[in-house]
Visitor: 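My structure is below; once you've seen it, I'll send some questions.
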2 protein chains.
Amino acid sequence: MSSKPAKGTPTLVDIAKLAGVSRATASRVINGVPTVDKAMAAAVRKAVKSTGYTPNPAARSLVNGKAGSIALVISGSDGSAEQVFGDPFFGRVTGGVVKYLGTVGIHPSLVLADSDQARTDAVNFVRRGNADGALLVSTHADDPLPGLFVAEGIPAVLFARPARPVPISFVDLAHGRGAAMAAERLVERGCQRVVTIAGPADLPAAQDRLTGFRQAMAQYGKPYVPVAEGNFTLASGEAAMATLLAEQPDLDGVFAANDLMASGALRVLRDRGRSVPDDVAVIGFDDSEPAHAARPRLTTIAQPIEEMAAEMSRILLDLIADPSAPPISKIFDPYLVTRDSA
Amino acid sequence: MSSKPAKGTPTLVDIAKLAGVSRATASRVINGVPTVDKAMAAAVRKAVKSTGYTPNPAARSLVNGKAGSIALVISGSDGSAEQVFGDPFFGRVTGGVVKYLGTVGIHPSLVLADSDQARTDAVNFVRRGNADGALLVSTHADDPLPGLFVAEGIPAVLFARPARPVPISFVDLAHGRGAAMAAERLVERGCQRVVTIAGPADLPAAQDRLTGFRQAMAQYGKPYVPVAEGNFTLASGEAAMATLLAEQPDLDGVFAANDLMASGALRVLRDRGRSVPDDVAVIGFDDSEPAHAARPRLTTIAQPIEEMAAEMSRILLDLIADPSAPPISKIFDPYLVTRDSA
DNA sequence: TTGAAAGCGCTAACAC
DNA sequence: GTGTTAGCGCTTTCAA
């Protein structure tokens, strides 16, 4: 059948020979160049199918200077690898990215940047051509990594706005709007004495949620909202709730900046004999696992994480296609998920 | 200073020229070949440092036929992308892999195989040279993917033993031993009427846990252990606990095959006015987030997931270095984490 | 020990 | 429209 004994995986010359055309033509067909004779194109495609040929990505990259891949950089504080990945939030972001990129045939390289060394390595990894651009997901808003990528002129997109202004594209959530939705819900239920459990003050997202909530409450004629700060953990939510209860024993509405703290609040409310949502209405934020696990199930503000992750990927792809394009941002609206707690 | 205007990123010839040696020698130094004149080697290293040179991975791959990368394949049932990544278990495996591989300078490509199409794509991805081997993490034990990789002769290692025997390397947990530890703990506490909430019968891990628990209890003189099957969810844990309570109202010890079901059990026990651990001792499995969030905090059996993930990576690297090596497996011991519920 | 030279598989001018 | 040819940047015989 064939003129020569096939050795190893087939290459373009094998295809060309088999189809009776030149390497150039075979290459054209494979890359979808339209100006090719029908018959020849068909012959090439047949050869490809029969041999199971797939182009060698290294050879391709070498000639056209593109890696055909992108890096998904998870940037955490020093040495906090496992914690980062154990957080479903990052898992969902990763899932959204992988899912979307999979549809265009690209599989991201996961790189962990949790030390200065790792950060430079990450930059070099893409700088040297292992990836055409980077998706950055940080645990901390004041991450130095975005700056590094920008400085190298590497196409990059952030998940969540950076704490300090950096000329870089990003996607983010309208945290303030989400908080306002919570306020609206509480007010609609008729809550008169509403309090809030805020997140860490140094986190832009936590700030936005607090500010958004206060502003919305002010619009509803409640300019003063008692607040206790937590750090997004269950225990801090419990502590904050206890503090708030001491300050305002007759409170009837709680907005917590995340679900875990809301779960903590639910617990102390229950221990104090307050019925939720009858005595006190509680709303969380994120629609994460704890929201489902809580009893009563938590009414919460959800973020379209996967959608945001997909958009982030799309933006990066565009940026890679046209590196001179200016940074852009896209802000997504959260939505209220009504369950039993409010 | 330099003889020619530097255009773009430096290449090996730039280094060679700068160091006054041939490309071959420069390459040798960079690749750590020992038989190079001290002075020349020093000159090359200096040139590398001054230019910030890094080898082009595509060119390297092209010549030596190795990708210098590996694929981390998450294989789920059809279309269940997000769910998979939202599960901290997979997050921890991923974290362990990324962390370990990072130490040897390699960043895995994440590929999601959640459809037949995606599975073939995944195989092709590495077959065509994007990766030298694959790490496989499946949600279902009867995953067809391991077989596909084996059939292609691609180096691959599994996290958890496959349901049907396949000649492939894997790491796994001694699930039965973990269950036995739970049994021992319960018996030591003096529990007399112990029951268990099992996982899905078609999952090898769940089977092992149930079998291990029964065998251990039998050794302690308790050949009969009432069992109710759940599906690893909170709700199924609640249902199972209710069933068991109906069957054995005076039970005083519960072993649940995972923490989420144990949390469910804790809840109904509490609702029925049983005090944990005084009236009833409860032990979970996995030491996952719910174990911390539960009240009382859950005593549970922990798996060294990150360690297992690192070992899986190590095994793959060895396999890539010597593809003719036979499949090997490594089984890790779980350990008891004592908290408040038992 | 070192250098010259031959590719690895592919794409993209550039002629035909 | 199609084929020829020149590399992309690197490693690696093979001589010297």
Side-chain angles (χ1 to χ4, degrees), chain A residues 4 6-45 47-48 51-69 124-125 127-130 132, chain B residues 4 6-45 47-48 51-69 124-132:
Chain A
K4 286 195 179 177
K7 56 139 205 167
T9 47
T11 72
L12 195 56
V13 310
D14 297 322
I15 299 301
K17 212 163 283 179
L18 228 166
V21 303
S22 71
R23 298 203 301 289
T25 298
S27 176
R28 289 185 186 109
V29 174
I30 287 163
N31 292 295
V33 174
T35 62
V36 177
D37 180 82
K38 291 282 185 188
M40 286 184 150
V44 171
R45 267 188 281 271
V48 167
T51 56
Y53 167 83
T54 47
N56 179 318
R60 244 183 197 177
S61 296
L62 185 54
V63 56
N64 66 18
K66 314 236 101 240
S69 171
N124 281 333
F125 179 77
R127 195 174 62 85
R128 85 167 59 130
N130 277 300
D132 300 323
Chain B
K4 286 196 179 175
K7 56 138 206 169
T9 46
T11 73
L12 194 55
V13 311
D14 297 324
I15 299 302
K17 214 163 280 178
L18 228 165
V21 302
S22 70
R23 298 203 301 289
T25 298
S27 175
R28 290 185 186 108
V29 174
I30 287 163
N31 291 294
V33 174
T35 62
V36 178
D37 181 80
K38 290 282 185 189
M40 286 183 152
V44 170
R45 268 188 281 270
V48 167
T51 56
Y53 167 82
T54 46
N56 178 317
R60 244 183 196 177
S61 296
L62 186 54
V63 56
N64 66 19
K66 314 236 102 239
S69 172
N124 281 334
F125 179 77
V126 5
R127 195 174 62 85
R128 85 168 60 130
N130 277 301
D132 299 322

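Just so it is clear: chains get the letters A, B, ... in the order the sequence lines come, proteins before strands, and each one is counted from 1. Keep in mind the model is a prediction, meaning the values are calculated, not measured. Values below: all heavy atoms of this structure, side chains included; hydrogens, waters and symmetry mates excluded.
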Visitor: Can you measure I30(A) atom CD1 to dT11(C) atom P for me and round it to whole angstrom units?
Guide: 7 Å

Visitor: Could you tell me whether the phosphate oxygens of dT11(D), OP1 or OP2, come under 4.0 Å of any side-chain nitrogen or oxygen in N31(B)?
Guide: yes

Visitor: Strictly distance-based, threshold 3.5 Å: is any side-chain N or O of D37(A) a donor or acceptor partner for the main-chain N or O of A39(A)?
Guide: yes

Visitor: Whether the side chain of N130(B) engages the backbone of F125(B) through a donor-acceptor N/O pair (distance < 3.5 Å, no angle test) should be reported.
Guide: yes

Visitor: Can you see if the side chain of T11(A) gets near the phosphate of dG9(C) - specifically, an N or O under 4.0 Å from OP1 or OP2?
Guide: no

Visitor: What's the separation between atom CD1 in I30(B) and atom CZ in R28(B), rounded to the nearest 0.5 Å?
Guide: 12.0 Å

Visitor: In whole Å, what is the span from the CZ atom of R23(A) to the P atom of dA6(D)?
Guide: 11 Å

Visitor: Write down the distance between NZ (K66(A)) and P (dG9(D)), rounded to a whole number of angstrom.
Guide: 14 Å

Visitor: Counting only side-chain heavy atoms from C-beta out, which of dG3(C), dT2(D), dC10(C) sits nearest to S22(B)?
Guide: dG3(C)

Visitor: At under 4.0 Å between heavy atoms, what does D37(A) touch on the DNA or RNA strands: base, sugar-phosphate, or nothing?
Guide: sugar-phosphate

Visitor: Where each residue is assigned the nucleotide of DNA chain C containing its nearest heavy atom, which of N64(B) and R28(B) is assigned the position nearer the 5′ end?
Guide: R28(B)

Visitor: Rounding to an integer number of Å, can you tell me how far L12(B) CG sits from dC8(D) C1'?
Guide: 13 Å

Visitor: Picking from dT2(C), dG3(D), dG9(D), which would you name as closest to the side chain of L62(B)?
Guide: dG9(D)

Visitor: With a 4.0 Å limit, can you tell me whether S27(B) has a side-chain N or O closer than that to the phosphate oxygens OP1/OP2 of dT11(D)?
Guide: yes

Visitor: Measure the spacing between CG of N56(B) and OG1 of T11(B) and express it to the nearest 0.5 Å.
Guide: 9.5 Å

Visitor: With nearest nucleotide decided by heavy atoms, which residue, A58(B) or A24(B), maps closer to the 5′ end of DNA chain D?
Guide: A58(B)

Visitor: Verify the contact: side-chain N or O of R60(B) to OP1 or OP2 of dT11(D), cut-off strictly under 4.0 Å; return yes or no.
Guide: yes

Visitor: Would you say the side-chain atoms of S27(B) pair up with the backbone N or O of R23(B), donor to acceptor, closer than 3.5 Å?
Guide: no

Visitor: To the nearest angstrom, how far is K17(A) atom NZ from dG3(D) atom C1'?
Guide: 15 Å

Visitor: Does OP1 or OP2 of dG1(D) have a side-chain N or O of T35(A) closer than 4.0 Å?
Guide: no

Visitor: Between the base of dG9(C) and the side chain of R128(B), is one N or O donor paired with an acceptor at under 3.5 angstrom?
Guide: no

